[in-house]
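Remarks on the structure that follows.
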Amino acid sequence: MSVVGVLVSGNGSNLQSLLDASRDGRLGAPVGFVLSNKPGVLALERARRAGVPSEVLSHREFPSREAFDARVVERLRAHGVDTVVLAGFLRVVTGVLLDAFPQRVVNIHPSLLPAFPGLDAQAQALVHGVKVTGCTVHLVDPGLDSGPILAQRAVAVLPDDTVETLRDRILAEEHKILPEMVAALVGGRVRLDGRRVTVLPVPPGQ
Ligand code: GAR
C-alpha cells in the first residue's frame, strides 16, 4: 500500500484535508510522515493531533537546495513514503527529490496555472484584475509550478475581495481537489500522455 508524505511550511489546512480524508477512508492510503522546513507552525500541531510522525528540517542548515532535498528524501524513505505532497511547502524542489519519486510528487497552487505561478498568487490575481482565478493540483517537474495538471477549480473574484477573502474561498476548493487527486494517484488512476493527464473515475463499488 502507498504511504503519503506531506511537506509543509505553515498553517497546514491542506495537510488537514489529507489527514481527514485518510481517516475517513477517502485517501486510500495513510499519511505516514509530515516534514516542515519551519519550526513551530500549526501544520506540525495538526500532525501531532492526528498521531502522524513529523519532523522539522530547516533548509538554512544546508549548503544547497540539493543537499536539503537529499536529506528530505532520506527522511521520507525512512518513513516508507512513496507519494509526496507539497501542501503549502514554500520551497522550490530539485531533481534530487523528483528523481527519487518519479511522477509521485504533487503540488497544490492557489491559481489557475499557468497564470500566476510562484508566491502570492492571490495578490497577483487581484493586481492583474482577473474575474476568475482558482486552484490547481499538478505533478511537480523541475520548473516553477509548471508540471502536468491533474485538476483545477475556478473561483470567481468578487469586486470587494481582499487577499484574505479570496485566499479563503480558494482554500475551500483546494481542500476538495487535493485529497481527490492524491487518492487518484495512490489508486493508480492517473494516466500521463505528455503533458496531458487523464484521471480515471473510481471503479464502481469502491
Ligand atoms: C495554499 O493556498 C497553497 O495553495 C499555497 O499555500 C497555501 C498553504 O495553505 N501554496 C503556494 O502558494 C505554493 N506556491 P495551508 O498551509 O493552509 O495548506
Side-chain angles (χ1 to χ4, degrees), residues 4-23 27 31 33-50 52 54-59 65 68-69 72 83-94 97-98 105-128 130 132-157 161-183 185:
V4 175
V6 186
L7 307 187
V8 295
S9 300
N11 186 36
S13 68
N14 278 293
L15 166 66
Q16 190 67 54
S17 75
L18 295 169
L19 293 168
D20 293 348
S22 179
R23 181 200 58 207
L27 204 62
V31 176
F33 182 53
V34 172
L35 187 147
S36 173
N37 67 320
K38 298 228 171 97
V41 293
L42 182 56
L44 291 163
E45 174 62 16
R46 294 180 192 271
R48 193 193 63 75
R49 275 188 228 146
V52 173
S54 64
E55 289 177 20
V56 177
L57 199 59
S58 174
H59 56 275
R65 289 185 188 280
F68 175 70
D69 280 1
V72 171
T83 303
V84 182
V85 183
L86 312 183
F89 185 61
L90 301 181
R91 298 283 303 165
V92 173
V93 301
T94 70
L97 179 76
L98 301 177
V105 183
V106 173
N107 183 44
I108 176 86
H109 183 78
S111 74
L112 294 176
L113 290 170
F116 313 130
L119 291 177
D120 301 322
Q122 305 91 336
Q124 291 187 56
L126 287 176
V127 167
H128 196 93
V130 293
V132 177
T133 183
C135 52
T136 302
V137 178
H138 64 94
L139 293 173
V140 179
D141 72 2
L144 178 65
D145 298 324
S146 60
I149 291 170
L150 294 168
Q152 295 185 300
R153 282 279 171 86
V155 173
V157 180
D161 258 334
T162 63
V163 169
E164 289 72 30
T165 58
L166 184 57
R167 180 197 62 204
D168 288 350
R169 288 207 315 289
I170 295 173
L171 271 174
E173 298 304 318
E174 294 183 35
H175 299 160
K176 295 175 194 159
I177 60 172
L178 182 62
E180 283 174 13
M181 290 305 112
V182 174
L185 197 60

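In this text the structure is predicted, and so the values were computed from the model without any measurement. As a basis for the values below, the full set of heavy atoms in this structure was taken, side chains included, without hydrogen atoms, waters or symmetry mates. Sequential numbering from 1 along the given sequence is applied to the chain's residues. Atoms within each ligand, like the ligands themselves, are counted from 1 in listed order.
Here the closest heavy-atom approach between residue Ser111 and residue Phe116 is recorded as OG-O, 3.3 Å.
Defined by atom type and a distance below 3.5 Å, a donor-acceptor pair is missing between the side-chain atoms of Gln122 and Arg167.
In summary, of the residues considered (Glu174, His138, His175), a side chain to side chain contact (heavy atoms under 4.5 Å, CB included) with Ile108 occurs for Glu174 alone. With Val4 as the partner, the side chain to side chain contact (heavy atoms under 4.5 Å, CB included) test is satisfied by one option alone out of Val52, Val106, Leu19, Val182: Val182.
Salt bridge absent: Arg91 and Asp69 never bring a charged side-chain N and a carboxylate O closer than 4.0 Å.
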Show me the side-chain donor-acceptor pairs of residues 33-42 shorter than 3.5 Å, one per line, residues at least two apart or across chains.
unit_1	atom_1	unit_2	atom_2	d
Ser36	OG	Lys38	N	2.9
Ser36	OG	Lys38	O	2.5
Asn37	OD1	Ser9	OG	2.8
Asn37	ND2	His59	ND1	3.1

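Among protein residues, Asn11, Gly12, Ser13, Asn14, Gly88, Leu90, Ile108, His109, Pro110, Gly118, Leu171, Glu174 come within 4.0 Å of ligand 1, judged on heavy atoms.
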